[in-house]
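Have a look at the structure below, then the notes.
Order of listing sets the numbers, starting from 1, for every ligand and every atom in it.
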Amino acid sequence: MASPIRIALQKSGRLSEDSYQLFKACGIRFDYGTGKLKSVSSNFAAEFLFLRDDDIPGYVEDGVADLGIVGENVAVETGRHVTTVHRLGFSKCRLSIAIPRGEAYTDIRDLDGKNIATSYPRLLGTYLAEQGVSAAIHEISGSVEIAPSIGLAEAVCDIVSSGSTLLSNGLKEVETIFRSEAIMIAHPALPAEKQTLLDQLLFRINAVQAAKNNKYIVLNAPNHAIPSIAKLLPGMKAPTVTPLATEGWSSVHSVINENAFWENIEAIRAAGAEGILVVPIEKMIN
Ligand SMILES: Nc1ncnc2c1ncn2[C@@H]1O[C@H](COP(=O)(O)OP(=O)(O)OP(=O)(O)O)[C@@H](O)[C@H]1O
Ligand SMILES: O=P(O)(O)OC[C@H]1O[C@H](OP(=O)(O)OP(=O)(O)O)[C@H](O)[C@@H]1O
Ligand SMILES: [Mg+2]
């Protein structure tokens with residue numbers, strides 16, 4: 001096997017389980033969650049390091065790891081020189097400014113001269129500078145939402161997903177400054193053999209992601225309805241049509257984006273389709 005590509009994953013947190021599941025779906029096996037800080041894949045030339053997420057961009061920039069999975073918020077905040085090679089679509093969240101619920105708020109200028117607590121001083125500083133607002137940034141490493149109630153700051157800037165943490169701390173979201181999801185980052189100058197391994201990995205990730213967004217459809221229809229159904233279910237090239245044992249009827253097999261399927265389902269039924277099955281796809285390669 002080639003010398004392994006080193007991949008840094010979050011040891012334990014919001015990114016860990018989805019990161020592991022992604023590699024599992026790509027058919028890459030390794031031990032995870034056993035308290036180990038390092039693991040070698042048994043069937044792909046990869047070695048995994050389990051780290052705090054904040055440290056991952058630095059390790060990737062320094063070349064200690066070749067790849068890493070982090071929130072885009074962390075990748076940008078650390079300011080490390082790394083390349084984004086893929087957007088992964090999980091751990092979606094936003095970085096927002098929030099203030100106590102009872103406070104009036106008109107626009108960003110209301111924050112002029114105020115104190116804002118955050119773990120994201122770089123992202124917040126850039127945003128305030130762009131908006132021409134001058135506020136004092138107080139960097140704290142966690143439990144940011146508590147800051148207004150203990151008199152540390154008049155506002156906070158932190159990660160929001162469902163909004164329930166803000167709600168339970170008596171805060172309201174007033175500005176969204178950054179939208180984030182998990183991304184795969186790489187060292188900016190990978191040697192050729194590592195680049196080959198990255199290309200193989202991205203090929204598998206694309207196949208897994210394409211499969212997730214699409215469904216395999218099987219239905220029965222009278223032969224005269226096939227042309228109009230085929231227009232609604234174009235498939236990867238064209239639908240497969242095979243005769244049923246019942247004279248004048250066929251079975252239609254196709255692949256369709258799940259959103260398009262739900263948008264077209266009434267039209268598909270109205271065209272004469274019956275016995276419609278929707279089947280998940282494991283991998284999809286165009
Ligand atoms: N509530 C949430 N919903 C969705 N994604 C989130 C949420 N909170 C954080 N994230 C995303 O997941 C990333 C990791 O969050 P997590 O809370 O596990 O980090 P952490 O506590 O700093 O972990 P570590 O111990 O590794 O430093 C964040 O940087 C962000 O991109
Ligand atoms: O809008 P919500 O759905 O409530 O999510 C937002 C919260 O989630 C994250 O914290 P997490 O629960 O991961 O705890 P931590 O900050 O202690 O890691 C983040 O730091 C917010 O506090
Ligand atoms: Mg962290």
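- Tracing side-chain contacts under 4.5 Å through hydrophobic residues (I, L, V, M, F, W, Y), one never reaches Y127 starting from I140; they form parts of separate clusters.
- Which parts of ligand 1 touch I159 is read off a 4.0 Å heavy-atom cut-off, strictly below it: atoms 7 (C), 8 (N), 9 (C).
- Put simply, no part of G142 is less than 4.0 Å from ligand 2, judged by heavy atoms.
- Of the candidates S119, S161, S91, G142, S161 brings a heavy atom nearest to atom 3 (N) of ligand 1.
- The protein atom (non-hydrogen) at minimum distance from atom 14 (C) of ligand 1 is D53 OD2, 3.4 Å.
- For D54, the N, O or S atom with the smallest separation from the Mg ion (ligand 3) is OD1.
- When the options C93, S162, G13 are ranked by their closest heavy atom to atom 2 (P) of ligand 2, first place goes to S162.
- Taking a cut-off of under 4.0 Å to the non-hydrogen atoms of G163, the atoms of ligand 2 that pass are 1 (O), 2 (P), 3 (O).
- Residues E173 and S96 share a closest heavy-atom pair of OE2-OG, 2.6 Å.
- In this structure, Q195 places its CD atom where more than 12 heavy-atom neighbours from other residues, nucleotides or ligands lie under 6.0 Å away.
- Side-chain contact between F23 and L201 is present, with at least one heavy-atom pair separated by less than 4.5 Å.
- When hydrogens are left out, the protein atom nearest atom 7 (C) of ligand 2 is T165 OG1, 3.6 Å; that is the closest non-hydrogen contact.
- The ligand atoms of ligand 2 that sit less than 4.0 angstrom from a heavy atom of V160 are 1 (O).
- For atom 4 (C) of ligand 1, the nearest non-hydrogen atom from the set K92, K11, R94, Q10 belongs to K92.
- The closest protein non-hydrogen atom to atom 12 (O) of ligand 1 is R14 CB, 3.4 Å.
- Rounded to the nearest 0.5 Å, atoms CD (E139) and OG1 (T118) are 8.0 Å apart.
- The distance from ligand 1 to the heavy atoms of G71 drops below 4.0 Å at these ligand atoms: 31 (O).
- Between S16 and Y32 the shortest heavy-atom distance is CB-OH, 3.3 Å.
- Looking at ligand 1, you won't find any N or O of E72 less than 3.5 Å from one of its N or O atoms.
- In terms of protein heavy atoms, atom 31 (O) of ligand 1 is closest to N73 OD1, 2.7 Å.
- Looking at K92 and E181, no side-chain N of the basic residue comes within less than 4.0 Å of a carboxylate O on the acidic one, giving no salt bridge.
- In terms of protein heavy-atom proximity, atom 24 (P) of ligand 1 is nearest to R52 NE, 3.1 Å.
- Close contacts of ligand 1 with G13, meaning ligand atoms under 4.0 Å from a residue heavy atom, involve 18 (O).
- Electrostatic pairing of K172 and E103 does not count as a salt bridge here, judged by no charged N lying under 4.0 Å from a carboxylate O.
- Distance check for atom 16 (O) of ligand 2: every protein heavy atom is found at 4.0 Å or beyond.
- Distance remark: protein heavy atom present below 4.0 angstrom from atom 4 (O) of ligand 2.
- Here the heavy atom of the protein found nearest to atom 10 (N) of ligand 1 is C93 SG, 3.9 Å.
- Closer than 4.0 Å to atom 12 (O) of ligand 2 lies at least one heavy atom of the protein.
- Annotation for K24: atom NZ does not count as buried by contact number, only 12 or fewer foreign heavy atoms lying within 6.0 Å.
- Here R87 pairs with E72 in a salt bridge; the nearest charged N to carboxylate O distance falls below 4.0 Å.
- Not one N or O on the side chain of N220 forms a donor-acceptor pair closer than 3.5 Å with the backbone of A273.
- The Mg ion (ligand 3) is closest to atom OD1 of D53 (considering only N, O or S atoms).
- Of the protein's heavy atoms, E145 OE2, 2.7 Å lies nearest to atom 22 (O) of ligand 2.
- Remark: minimum distance from atom 6 (C) of ligand 2 to any protein heavy atom is reached at I159 O, 3.4 Å.
- Ligand 1 places these atoms under 4.0 Å from at least one heavy atom of V74: 29 (O).
- In summary, D66 and K194 engage in a salt bridge, as defined by a charged side-chain N under 4.0 Å from a carboxylate O.
- Of all heavy-atom pairs spanning V70 and L15, the tightest one is CA-CD1, 3.9 Å.
- By the 3.5 Å distance cut-off applied to N or O atoms, L166 is not counted among the residues near ligand 2.
- Using a cut-off of 4.0 Å between Lys/Arg side-chain N and Asp/Glu carboxylate O, E61 and R80 are scored as salt-bridged.
- Classification of the Y20-F30 ring pair by plane angle, with boundaries at 30° and 60°, yields perpendicular.
- The environment of CZ in R101 is crowded: more than 12 heavy-atom neighbours from other residues, nucleotides or ligands sit within 6.0 Å.
- Scanning all protein heavy atoms for the shortest distance to atom 14 (O) of ligand 2 gives R14 NH2, 4.9 Å.
- Contact annotation for atom 21 (O) of ligand 1: protein absent (non-hydrogen atoms, distance under 4.0 Å).
- Those atoms of ligand 1 with a heavy atom of D54 less than 4.0 angstrom away are 22 (O), 27 (O).
- Counting protein heavy atoms only, atom 20 (O) of ligand 2 is closest to D158 OD2, 3.7 Å.
- Residue I99 comes nearest to L111 through the heavy atom pair CG2-CD2, 4.3 Å, listed as atom of the first residue, atom of the second, then distance.
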